[in-house]
Amino acid sequence: MRFLPQRPPGGGETDRQGDHREHDVEHLASMVHDGHASHTDGMPELLEAEMYRAAMARTVGGRIVAMAPADPLVVPEGAALASGLLGTQVRAVTRRGKVLLVDVGAFVVGLRFGMTGRLIVGEHDPIPALAYGPSASDRRFDRWEVTVSPHQGGAPVSVRLSDPRRLARVLVDPDLSGLGPDAMEVDGTLLAQRLAGRRGPIKSVLMDQHVVAGLGNLLVDELLWRSGIAPTRPTRDLNVDEIECLAAELRPMLGELMQRGGSHRGDLSVELRRAGALCPMDGAPLQRRNIGARTAWSCSLHQR
DNA sequence: GCCCTTGTTACGCC
DNA sequence: AGGCGTAACAAGGG
C-alpha cells in the first residue's frame with residue numbers, strides 16, 4: 001500500500017496552476033518567492049543551481065571581455081581558460097543536476113558550487129546567504145570572475161563566483177558521463193531503473209549523483225520525510241509502490257521549495273535540524289543519525 | 001579552540 | 001569489475 005503522508009496543517013495547499021508550473025523545469029527559477037528574508041539559504045543543490053542558471057541567462061548573446069585572475073584551486077585550468085574565454089560569446093546557459101554549464105562555442109565551462117559557492121550576476125545575488133556559509137557577500141571570497149559585454153550594448157555585467165570554503169570548481173568541458181538523469185526529469189519508471197541493483201541505504205543512494213543528479217542532503221531528507229520512508233532503509237528492500245511514491249513527491253517538492261526560496265525551505269527546514277525538534281507532521285521527535293558520513297534527520301514515527 | 005557543517009573525490013575492501 | 005563505506009579536503013561560524 002502506498003504511503004502518502006498528510007501535509008502539515010496550513011503549509012500545503014496547492015493550486016492547479018502551481019501544480020502545472022512546478023512540473024516545468026524551465027519555469028522552476030521563476031517561481032522563487034521574491035522578497036523572502038531569511039538569515040540562511042539552501043546549500044547549492046539542484047534548486048540553487050537553477051537559480052544561478054536563471055540569473056546568468058541574461059548574459060546569453062553577450063561577449064566575454066575580461067577574466068580576472070582566478071583561485072588556482074577553484075579554477076585548475078585558469079590560464080588556459082582565460083585565454084580561451086576572451087572574446088567568446090555566451091551561447092547558452094544550462095544546468096544538469098547541480099552543475100551549471102556555460103556554452104561559449106569552442107568549449108563548455110562547467111561550474112560546480114561545492115558547499116558554499118554562490119554566483120553573483122551583476123548586482124543580482126540570487127542567494128544572499130548560504131546555510132553554514134558567511135552571511136554577507138564579501139569580495140575576499142571571490143574565486144573567479146568574468147565580465148560580459150551584453151549583446152544589446154549597455155554596461156558590462158560581471159559574473160562572479162564567491163566561495164569561502166573553496167570547494168567550488170570551474171572546469172573546462174566537464175565530464176558529465178557519470179551524472180544520472182536530472183532529478184527534475186525522473187518519473188517512477190526511471191527511478192526504479194536507477195535504483196535497481198543498489199543495496200545501500202536509500203538516503204546515500206539518492207544523494208549519489210550517478211544515480212540521480214541534483215539531490216543533496218537537505219532535499220533528500222525532505223523527500224524521504226514526505227514519502228514516509230526511513231533514510232536507513234536498504235534500497236533493495238523498497239517496493240514498487242514506495243519507489244512510485246518517491247517519484248511522485250519529487251517534482252512537486254522541487255517546485256514548492258523553489259517557490260519558497262530554496263533547498264532549506266522544506267517542511268523539514270534547516271531550523272528544525274537541531275536537538276529536540278519535533279516532526280511538523282505528527283509531533284513525534286525528530287531523529288538525527290549519520291548515514292554515509294552525512295547528517296540525516298527523519299521522523300521517528302512516520303518514516304518507516 | 002574545538003567541533004560543526006556538506007559536495008566531491010580518492011582509496012581500500014569485498 | 002564495481003558497489004560500498006570511510007576519510008580527506010576546505011574554512012568560517014558557533
Side-chain angles (χ1 to χ4, degrees), chain A residues 38-52 70-76 95-100 110-119 127-144 161-171 174-180 182-183 193-224 231-238 262-264 266 268-277 288-297:
Chain A
S38 59
H39 65 290
T40 59
D41 279 290
M43 267 146 293
E45 304 186 32
L46 180 150
L47 298 179
E48 286 70 27
E50 175 61 16
M51 295 181 209
Y52 299 145
D71 182 324
L73 180 63
V74 174
V75 193
R95 178 193 60 78
R96 170 107 170 253
K98 307 173 187 174
V99 184
L100 189 65
L111 280 72
R112 290 203 330 253
F113 297 95
M115 252 183 82
T116 54
R118 308 206 306 269
L119 197 71
I127 301 181
L130 283 165
Y132 313 115
S135 56
S137 183
D138 186 330
R139 286 280 181 170
R140 271 189 304 151
F141 305 130
D142 285 4
R143 309 301 181 192
W144 183 68
L161 173 64
S162 171
D163 179 26
R165 293 183 206 179
R166 305 169 75 204
L167 287 172
R169 293 293 179 268
V170 180
L171 304 168
D175 179 15
L176 304 176
S177 62
L179 284 186
D182 190 87
Q193 264 177 39
R194 304 302 299 172
L195 297 181
R198 295 307 201 112
R199 308 172 49 178
I202 184 65
K203 155 113 179 170
S204 305
V205 173
L206 286 173
M207 283 184 64
D208 187 339
Q209 302 300 295
H210 296 83
V211 176
V212 172
L215 304 179
N217 202 33
L218 296 179
L219 288 178
V220 168
D221 275 2
E222 175 78 9
L223 180 63
L224 291 170
T232 46
R233 280 280 297 283
T235 301
R236 56 150 47 154
D237 290 352
L238 293 181
S263 310
H264 62 306
L268 207 60
S269 64
V270 283
E271 288 80 6
L272 283 175
R273 300 171 75 88
R274 52 185 168 72
R288 178 202 158 127
R289 279 175 293 200
N290 286 330
I291 301 172
R294 290 294 169 262
T295 306
W297 285 91

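Here is how names work: the chains are called A, B, and so on, in the same order as the sequence lines, proteins then strands, and each is numbered from 1.
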Value in whole Å for how far the [atom2] atom of [N] lies from [atom1] of [X]:
X	N	atom1	atom2	result
R236(A)	dG3(C)	CZ	C1'	12 Å
M207(A)	dT5(B)	CE	P	13 Å
D208(A)	dT6(C)	CG	P	15 Å
L179(A)	dG7(B)	CG	P	14 Å
M115(A)	dT9(B)	CE	P	16 Å
D221(A)	dT5(B)	CG	C1'	13 Å
N290(A)	dC4(B)	CG	C1'	11 Å

**Message:** Here's a test of your reading of the structure: between P201(A) and L167(A), which maps to the more 5' nucleotide of DNA chain C?
**Reply:**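 The answer here is P201(A).
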**Message:** Both R140(A) and A293(A) contact DNA chain C. Taking the nearest nucleotide for each, which residue is further toward the 5' end?
**Reply:** A293(A)
Please pick, from [options], the nucleotide with the shortest atom-to-atom distance to any side-chain atom of [X].
X	options	answer
F141(A)	dC4(C), dG12(C), dG5(C)	dG12(C)
K98(A)	dT6(B), dT8(B), dG12(C)	dT8(B)
Q209(A)	dC4(C), dT8(B), dC9(C)	dT8(B)

**Heavy-atom donor-acceptor pair, D142(A) side chain to W144(A) backbone, under 3.5 Å** =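 Such a contact is absent between D142(A) side chain and W144(A) backbone.
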**Side chain Q209(A), main chain M207(A), donor-acceptor under 3.5 Å** = yes
**Request:** Look at the side chain of R294(A) and the base of dG7(B), then say whether one donor and one acceptor between them are separated by less than 3.5 Å.
**Result:** yes
When you measure from the side-chain N and O atoms of [X] to the phosphate of [N], is any distance below 4.0 Å, counting only OP1 and OP2?
X	N	value
R112(A)	dT9(B)	yes
R288(A)	dT5(B)	yes
R166(A)	dA11(C)	yes
T295(A)	dT5(B)	yes

**Request:** Please tell me if the side chains of R289(A) and P231(A) come closer than 4.5 Å, counting only heavy atoms from C-beta onward.
**Result:**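 A side-chain contact under 4.5 Å exists here.
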**Asked** Got V205(A) and L195(A) here, is their nearest side-chain heavy-atom distance under 4.5 Å?
**Response**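 Of all side-chain heavy-atom pairs linking L195(A) with V205(A), at least one is under 4.5 Å.
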**Minimum heavy-atom distance R198(A)-V211(A), with the two atoms named** =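 Shortest heavy-atom contact: NH2-CG2, 3.5 Å.
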**Request:** Give one of base, sugar-phosphate or nothing for R199(A), where a contact means two heavy atoms less than 4.0 Å apart.
**Result:**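 It contacts sugar-phosphate atoms only.
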